[in-house]
J.: 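One structure, pasted below without further comment.
Computation of the quantities below employed the complete heavy-atom set of this structure, encompassing side-chain atoms and omitting hydrogens, waters and symmetry-equivalent molecules. Residue numbering restarts at 1 for every chain, and letters A, B, ... go by the order of the sequence lines.
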There are 2 protein chains.
Amino acid sequence: MQIAREAGVAQSTVSRVLNGGSVAPETRRRVLEVVAKYDFQPSQAARSLVGARSGLIGVVIRDLTNPFYPVMVKAMERVLHEHGMRLSLVTDVMTAEEGLALLRREGVDGVVFTSAVQDEPLAHRMIGHGIPVVLCHRTLDDFPADQVEADNDTAGELAAAHLLDLGHRRIAMVCGLAGASTARQRGHGFRKRLRTAEGVTLTEIDGAYDYATAYEAVTALLAGAEPPTALFCHNDVMAYAALNAAAAAGVAVPDELSVVGCDDVPLSAWERIALTTVRQPLERIAQVGVELLLERLDHPERPHRHEVLPVEFVGRSTTGPA
Amino acid sequence: MQIAREAGVAQSTVSRVLNGGSVAPETRRRVLEVVAKYDFQPSQAARSLVGARSGLIGVVIRDLTNPFYPVMVKAMERVLHEHGMRLSLVTDVMTAEEGLALLRREGVDGVVFTSAVQDEPLAHRMIGHGIPVVLCHRTLDDFPADQVEADNDTAGELAAAHLLDLGHRRIAMVCGLAGASTARQRGHGFRKRLRTAEGVTLTEIDGAYDYATAYEAVTALLAGAEPPTALFCHNDVMAYAALNAAAAAGVAVPDELSVVGCDDVPLSAWERIALTTVRQPLERIAQVGVELLLERLDHPERPHRHEVLPVEFVGRSTTGPA
DNA sequence: CTGAAAGCGCTTACAG
DNA sequence: CTGAAAGCGCTTACAG
């Protein structure tokens with residue numbers, strides 16, 4: 001370390017001034033001067049090699065293209081940065097398998113999964129390697145880790161209640177990824193509430209939480225014999241797809257078709273979209289997820305927590321009476 | 001390295017089988033068996049400490065919330081992953097200053113700037129520290145590094161030509177960030193082309209490449225005495241703001257107001273938006289940026305390159321005759 | 001083809 | 001308060 005040499009002290013002394021050990025004021029001043037002169041930045045590689053922690057948290061977000069996720073990334077980054085930590089992102093550019101291998105090489109202190117899916121053992125394997133994990137946004141039953149999610153069951157209920165109130169009886173649901181807890185819960189809440197009314201027909205189609213998939217599915221649905229008068233989409237992106245598919249098919253929203261989404265991404269509030277949807281507290285979910293993980297790092301033995309955050313119905317212009 | 005011990009070989013031998021040195025087939029088999037048994041992943045920290053490279057590339061993307069950028073991140077990640085490298089993101093969660101300090105600690109092999117701005121010395125300083133840099137999307141005059149950008153001057157011209165052809169004469173331009181080359185060039189091309197016509201009034205307002213800023217500015221503009229009949233926005237996000245501000249103000253698009261954007265983000269093709277815009281090859285810009293940087297790593301002494309990629313006018317539904 | 005040794009840049013006890 | 005030493009987990013010459 002040439003900083004040490006130039007300041008005329010030992011390496012360990014430089015380390016102490018940088019990390020806040022006890023150092024004589026004059027010594028500290030001298031070291032800081034040299035540090036400033038070269039704008040010296042200590043190597044993270046060396047630090048994480050020797051230290052107990054790398055200061056890196058892995059974040060698994062597969063589809064960065066869904067406007068939902070940049071918001072989450074940002075919120076997570078903010079919290080991590082406040083704690084002096086960094087984020088390492090895994091997206092769908094690589095397989096989840098590759099991503100987790102990478103995260104282990106990087107020596108992450110923990111990982112946040114936002115895309116957990118039933119029957120996929122990756123999150124379990126991270127735990128097997130002794131790496132703390134938190135499930136954020138999507139959860140898994142009986143998973144041995146901290147979890148945060150929105151109250152998705154209620155989200156489904158709220159959507160159903162709204163549509164029922166408007167008098168809709170021929171209804172379709174555009175479902176999210178099979179295996180995702182959000183899709184299962186939202187579907188469950190929706191169906192449950194629908195059953196409280198008489199004479200309701202429910203058609204379920206698969207949108208896989210993906211714009212293109214939902215667009216095609218809705219286009220086919222609208223071209224069918226008895227198209228529904230209302231649609232509940234398991235997320236906003238699929239609702240946008242539905243809105244656009246309806247526009248392309250010349251189906252008027254909300255006059256001929258009502259559309260309800262789920263998420264309330266900022267885009268949904270735009271005047272040109274004005275999507276009726278159920279808001280989940282995106283940033284809060286992200287924030288709580290990271291905080292749970294950070295607490296876990298300090299207290300490995302505490303019992304796991306499972307937070308469920310409230311949702312809220314947001315009425316806008318894409319729904320109307322049947 | 002307990003892999004070495006369990007396989008009964010030296011550390012250096014394990015290293016060779018992992019990195020492809022010459023190893024006897026039987027030895028290799030034995031080592032790989034143990035590696036597989038533990039799903040062993042070599043520490044990146046140790047590797048980058050000893051090796052010449054860290055395999056990390058810094059990517060400075062300030063506003064992840066503009067749908068433009070996730071597309072770029074994804075494209076960059078793809079190219080990097082093909083080369084066995086990783087990306088380290090710097091967003092506006094921290095100051096640029098902090099971000100670059102972090103990047104240096106992490107020992108990045110190079111950095112891609114997508115947000116270069118006149119009179120900001122950060123990119124220069126990276127070069128001063130001996131770290132290769134590429135300017136991607138936004139460029140700087142006489143900057144001593146590789147650069148890629150779209151033909152933004154032509155983009156401005158195409159927008160102007162289209163509006164002029166439609167007969168518009170009272171025109172406004174919603175400008176991007178002062179200091180960004182894209183804003184300067186798009187503005188320049190637009191004005192230049194406007195000057196070829198008679199009796200044109202051009203009002204310029206500042207939108208700072210930001211949704212909220214542009215929304216307010218356009219709202220004020222439309223409330224003014226003689227509002228323009230056409231708008232050129234320096235990017236798509238500001239055009240969305242204009243579309244929404246117009247909707248809120250009850251101004252019909254395109255009947256009373258024509259709107260042209262610039263970028264052609266996927267969103268712009270949505271039926272509910274159908275924005276007339278000038279396409280720049282987003283993914284190609286990202287890809288070329290990373291490739292230039294990767295080549296630079298191997299050939300530090302080659303002369304700098306400056307690529308300018310073609311743009312293309314995309315007519316959709318937000319523009320009409322004056 | 002393979003092993004022993006040195007060293008990358010730090011931090012962490014341990015003396016003094 | 002400060003320094004000398006050991007060691008984190010790798011790779012890279014260097015012998016053999």
J.: For D/dG9, does the base pair up with any side-chain atom of A/R105 as donor and acceptor (N or O, under 3.5 Å, distance only)?
T.: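 It does not, because no donor-acceptor pair links the side chain of A/R105 to the base of D/dG9 below 3.5 Å.
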
J.: Counting only side-chain heavy atoms from C-beta out, which of D/dG3, D/dA13, C/dC10 sits nearest to A/A46?
T.: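 Of all the options, the side chain of A/A46 is nearest to C/dC10.
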
J.: Rounded to whole angstrom units, what separation is found between the CD atom of A/Q41 and the C1' atom of C/dC10?
T.: 14 Å

J.: Can B/E291 and B/Q287 be said to form a side chain to side chain donor-acceptor pair (under 3.5 Å), step by step?
T.: CA-CA 6 Å; B/E291 286 171 351; B/Q287 186 190 344; 3.2 Å; yes

J.: Pick the nucleotide of DNA chain C nearest each of B/V50 and B/V23; which residue has the one closer to the 5' end?
T.: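 Its nearest nucleotide lies further toward 5', so the answer is B/V23.
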
J.: Within the pair B/S43 and D/dG9, is there a side-chain N or O less than 4.0 Å away from OP1 or OP2?
T.: no

J.: Quickly work out the A/N19 CG to C/dG9 P distance and round it to whole Å.
T.: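 In whole Å, C/dG9 P lies 17 Å from A/N19 CG.
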
J.: Can a side-chain donor-acceptor contact be found between A/T182 and A/N152 if the only test is distance below 3.5 angstrom?
T.: no

J.: Rounding to an integer number of Å, can you tell me how far A/R5 CZ sits from C/dG9 P?
T.: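 Computing the A/R5:CZ to C/dG9:P distance gives 11 Å.
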
J.: Reckon B/R47 has a side-chain N or O less than 4.0 Å from the OP1 or OP2 of D/dC10?
T.: no

J.: Quick one: B/Q11 CD to D/dA13 C1', roughly how many Å, whole number?
T.: 15 Å

J.: Measure CZ/B/F40 against P/D/dG9 and give the value in whole Å, please.
T.: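 Checked: the CZ to P distance equals 10 Å.
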
J.: So, does the side chain of B/S12 form a donor-acceptor pair with the base of C/dA5 at under 3.5 Å?
T.: no

J.: For B/T13 and C/dT2, is the shortest distance between a side-chain N/O and OP1 or OP2 below 4.0 Å?
T.: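 Checking C/dT2 against B/T13, no side-chain N or O comes under 4.0 Å of OP1 or OP2.
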
J.: Any sub-3.5 Å donor-acceptor pair from B/Q147's side-chain atoms to B/L140's backbone N or O?
T.: yes

J.: Quick one: side-chain hydrogen bond (donor to acceptor under 3.5 Å, both in side chains) pairs with a partner in residues 123-136 of chain B, sequence neighbours left out?
T.: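 Applying side-chain hydrogen bond (donor to acceptor under 3.5 Å, both in side chains) to every pair that reaches into residues 123-136 of chain B, excluding sequence neighbours, yields B/E97-B/R125, B/R104-B/H129.
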
J.: Where does DNA chain D form stems of at least three consecutive Watson-Crick or G-U wobble pairs, each pair having both distances below 3.5 Å?
T.: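 Output for stems: C:1-3 with D:14-16, C:5-12 with D:5-12, C:14-16 with D:1-3.
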
J.: Let me spell it out: for each of A/L49 and B/A24, pick the nucleotide of DNA chain C with the closest heavy atom. Which residue's pick is nearer the 5' end?
T.: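 Final value for this comparison: B/A24.
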
J.: May I have the distance from A/L18 (atom CG) to C/dT11 (atom P), rounded to whole angstrom?
T.: 7 Å

J.: Starting from the C-alpha separation in whole Å, work towards a yes-or-no answer on side chain to side chain donor-acceptor pair (under 3.5 Å) for A/Q280 and A/E149.
T.: CA-CA 9 Å; A/Q280 57 169 333; A/E149 62 186 329; over 6 Å; no

J.: From the set D/dC10, C/dG3, C/dT11, return the single nucleotide nearest to any side-chain atom of B/A10.
T.: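 Among D/dC10, C/dG3, C/dT11, the one nearest the side chain of B/A10 is C/dG3.
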
J.: Under the 3.5 angstrom rule, does the side chain of A/E283 hit a backbone N or O of A/M72 as a donor-acceptor pair?
T.: no

J.: Checking the side chain of B/E295 only, and the main-chain atoms of B/L292 only, is there a donor and an acceptor separated by less than 3.5 Å?
T.: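 Not confirmed, B/E295 side chain does not pair with B/L292 backbone.
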
J.: Is the phosphate of D/dT2 approached by A/T27 (side-chain N or O, under 4.0 Å from OP1 or OP2)?
T.: yes

J.: Could you check how far CD1 of B/I3 sits from P of D/dC10, rounded to whole Å?
T.: 9 Å

J.: For residues 55-69 of chain A, pull every pair meeting salt bridge (charged side-chain N to carboxylate O under 4.0 Å, His left out), keeping only residues two or more places apart or in separate chains.
T.: A/D63-B/K74

J.: Atom CZ of B/R16 and atom C1' of D/dT12: how far apart are they, to the nearest Å?
T.: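 For the pair B/R16 CZ and D/dT12 C1', the rounded distance is 9 Å.
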
